[in-house]
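All values derive from a computational prediction rather than experimental measurement.
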Amino acid sequence: MVYHNLKALIKGIRACKTVADERILIQQESAAIRASFREEDSYARHNNIAKLLYIHMLGSPAHFGQIECLKLVASPRFTDKRLGYLGIMLLLDENQEVLTLVTNSLKNDMNHSNTYVVGLGLCTFANIASEEMSRDLANEIEKLLGSSNTYIRKKAALCALRVIKKVPDLTDHFISKAKSLLTDRNHGVLLAAITLVTEMCQTDDTCLNEFRNAVPLLVRNLKALVTTGYSPEHDVSGITDPFLQVKVLRLLRLLGQGDAPASETMNDILAQVATNTDSTKNVGSSILYETVLTVLDIDADSGLRVMAINILGKFLSNRDNNIRYVALNTLNKVVSMDTNAVQRHRNIILDCLRDGDISIRRRALELSYALINEHNVRVLVRELLAFLEVADDEFKTGMTTQISLAAERFAPNKRWHIDTVLRTLKLAGNFVREEILSAFIRLVAHTPELQAYTASKLYTALHADISQESLTLAAVWVIGEYSEVLLEGGIIDGDQPTHASDKDILDLLLSALDSPYANHLTRQFVLGAITKMASRHTTSVLQQERTREVLAMYTTNPELELQQRAVEYASLFTLGDLKVGVLERMPPPELKATVMGVVSENKPVGSTRGGKDGDLLGDEVTSPTPQVNGQSVQNSHDLLAEIFGSTPSSTSTSPPPASSLSTQPQKSSVQDILGLFDSSPDPASMTPALGSLSTPASAFSLPQTQAQAQVPSPRRPPQQSTAPRLTSYTAYDKNMVKITLTPQTSVARPGVVNILARFQVLGSDAASGFNFQAAVPKSQQLQMLPMSNPDVQPGTTETQQMRVIAPPGSNVRLRLRVSYTLAGQAVHDQVDFSGFPQGLTGTT
């Protein structure tokens, strides 16, 4: 059935009961419209285009009507022109070749005697003009900017805005006309003119000097808007033309940046707007927000800045979540500019931590971190700890990091610092990053006067809760190091110390060992702690035998790391008094500032990717010297020399001849002892032994001559090596689009492959809207960063980084899916890639 007009077609489509019926009807009507176009029926063309545009709005193909729209535009009738231009705006865009045929029609209609026909041409130009069309019709637009008709001037200003966006080189053509438009009394023309001038100033910095002379004029216009009484034509919620006020404020912000005289000219009017604008309605809030941004960006008086920050503080009391979010976001940006002014609103910012909207809580947290200083650290940290108790898990890692950093930076005393970190460990021990735990242990080691207090607090906390991983690790380490302090001074919990026996302490440590919350890292810490405790003279023989039994049980543990630790610790018990020297208290480690990483990184201690495999963010760390628990091997040698009573001068400081180095790496006493401190260094990269240590060398059954022959310099410079050449592999090469993958691996991290994908267009057409997706088998993991630019231009190379984590020895296999638009055609493709060489992920 053929429908003769749009009304009948709409009725017929609405009468369809299923989507399939609707689709069939649209296909039949489209076929009838195409047949009518072939018959060149000019009388039916108007109805056919109207129906076709409705079909296009429903999502069905309508591109075959583009030429017919051009024919309607050429018609002398206004109704045909209006429908034709509407069809052109809907069915064409700036990338269509057919658009070149429209240029002449637009030029003719812009010079038409009928104002409304000129308006049609301008409206169409402003929507679909390409770069070429903008160059062709720029002169026509410039003429129409001087039209006597306000309707035409407004539309011409919007067309000039399109020209500047497409061809920034033509900005100079419109400067003089834009200046004259700023004096226009019509609000619509003035709004379009200010939008045009703003775009010109943002596109070309030289325009700023041209329009700074217009600042007094803009100030007068804004003052007129603020002081004008009720104007029904422009009134919105009791405020005169808020849209124009916002545009004027934005332009003043641009013109006042870095210009003191211009800023001084607008200071008074900005204060007047901030004072007289009603903030109870959204309209007034939008004007006040733009005023605040303007004040903060220009060279304003300090009093005006304080007023702007007070307005943001007032926004925090608004019931609208959007207004509160905007205020917090802006305060985050200006807190470094005037911290004291923001501090006045600290209480209401802290109240936002209890808001139901997660976005507001997040922004309030960020602002709270920025407000912490040495004067308010106690109050703010107390509030943050209270929020930490009820915070969502996604906040906890960032919060524990920021609280610990604030305590480290602004702590009034060491005891408060330790109490704060202890409270953090109790509340969110499973969400504490490795650096924070290391910093806490360094703090305890460097604060001997509080070691008994800290050990007691950790002992009590571990008794109460054994589920918090970082709390368990800290408690086990501190109790293992300072067990004799607890045995001699008791548990300091209250006014009177409570006696603690070696059996009580050992029972607590073994409960952590057998806890369902314990992982391999916790068990390693516990084995080291009970071994150290058993080496002290304050421990009874019965508890030493009990420790020996536990170690013997773990010497057959299926987990290799635990088995190795247990075997090493058990072997120390055969050394007699020597084990006391080996297992004596660790010297305080070197103090260093906590590394401030990405706060949102959810990687607490004991995660599956340990610190020895990479840094906190998972990136590889290249160090010029081998690292053992964060300390260089040379420091470990100094430590061993101190343990065995050697002086630093007894250690060789010059490298031995090459012939003196053993070609077969052997298990040495240094490696044995370093293993006690949770390190498994590569024998090839470690210093084998110290030649000056005669007694421990014989104790570990290492011949003296061999030990002396293996002494390299403790400060040997790193060897210079040439980086291997990276090989690229072609993964996709179709439609003049080429994608190559360049893998990079590290011996220190087997199974981790960093891949750099490069995208190139070999032809002359750009590939726009590029979307690159990848998938790996279930046994592997994939991480991807965003693409550098989704539009790949000819002759340029865009990149995207990926990381694949695969079992060592397996092959990396990728399924790649790409989609892009090339020469107006959408391309979707999928390929499987397994072209990387064997052994890329290392060996099992």
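- Scanning all heavy atoms of the two residues, the minimum distance from Leu425 to Val432 falls at CD2-CG2, 3.9 Å.
- Atom CD of Glu434 sits about 8.0 Å away from atom CG of Leu437, to the nearest 0.5 Å.
- Looking at Leu527 and Tyr554, their side chains come closer than 4.5 Å, going by heavy atoms from C-beta outward.
- Taking OG of Ser470 as the reference point, atom NZ of Lys426 lies at 14.5 Å (rounded to 0.5 Å).
- With rounding to the nearest 0.5 Å, the separation of CZ in Phe525 from CG in Leu509 is 13.0 Å.
- Between Phe431 and Thr400 the shortest heavy-atom distance is O-OG1, 2.8 Å.
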I would like to know whether Gln524 and Leu562 meet side chain to side chain contact (heavy atoms under 4.5 Å, CB included); could you show each step before the answer?
-> CA-CA 6 Å; Gln524 289 178 43; Leu562 281 176; 3.8 Å; yes

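- The minimum heavy-atom distance linking Ala512 with Ile466 is given by the pair CA-CD1, 3.4 Å.
- By the 4.0 Å N-to-carboxylate-O rule, Arg423 lies too far from Asp419 to be salt-bridged with it.
- For the pair Leu384 and Leu365, the minimum side-chain heavy-atom distance is below 4.5 Å.
- Looking at Thr454, its side chain never comes within 3.5 Å of a backbone N or O of Gln451 through a donor-acceptor pair.
- A salt bridge links Glu394 and Arg362; the closest N-O separation between the charged side-chain nitrogens and carboxylate oxygens is under 4.0 Å.
- Within the 4.5 Å cutoff, no side-chain heavy atoms of Met533 are placed close to those of Thr547.
- The two atoms that bring Arg548 and Phe573 nearest to each other are NH1-CB, 3.2 Å, heavy atoms only.
- Within the model, atoms CD1 of Ile805 and CD of Gln783 stand 5.0 Å from one another, a figure rounded to the nearest 0.5 Å.
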Would you check, one step at a time, whether the test side chain to side chain contact (heavy atoms under 4.5 Å, CB included) holds for Phe440 with Ile418?
-> CA-CA 8 Å; Phe440 175 67; Ile418 290 175; 4.1 Å; yes

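- Taking each heavy atom of Ser779 and Pro807 in turn, the nearest pair found is O-CD, 3.3 Å.
- Comment: Arg354 engages Glu383 in a salt bridge, judged by a side-chain N to carboxylate O separation of less than 4.0 angstrom.
- Between Leu353 and Arg361, every side-chain heavy-atom pair lies at or beyond the 4.5 Å cut-off.
- When Val526, Leu508, Thr522, Val476 are each tested for a side-chain contact (heavy atoms from CB on, under 4.5 Å) with Leu513, only one passes: Val526.
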Might you work through the side chain to side chain contact (heavy atoms under 4.5 Å, CB included) test for Tyr453 and Thr447, ending with a clear yes or no?
-> CA-CA 10 Å; Tyr453 171 80; Thr447 316; over 6 Å; no

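- In summary, Arg585 and Glu484 engage in a salt bridge, as defined by a charged side-chain N under 4.0 Å from a carboxylate O.
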Can you check side chain to side chain contact (heavy atoms under 4.5 Å, CB included) on Phe410 and His375, steps first, answer last?
-> CA-CA 8 Å; Phe410 301 113; His375 303 296; over 6 Å; no

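- The aromatic rings of Phe387 and Phe395 sit tilted, their planes meeting at an angle between 30° and 60°.
- At least one donor-acceptor pair under 3.5 Å links the side chain of Asn376 to the backbone N or O of Leu371.
- For Glu549 and Arg546, the salt-bridge test fails: no basic side-chain N is under 4.0 Å from an acidic carboxylate O.
- Exactly one of Gln564, Gln563, Arg565 qualifies for a side chain to side chain donor-acceptor pair (under 3.5 Å) with Glu561. That residue is Arg565.
- Side chains of Tyr459 and Asp504 form a contact here, defined as non-hydrogen atoms less than 4.5 Å apart.
- Closest approach of Pro589 and Ala445 over heavy atoms only: CD-CB, 3.6 Å.
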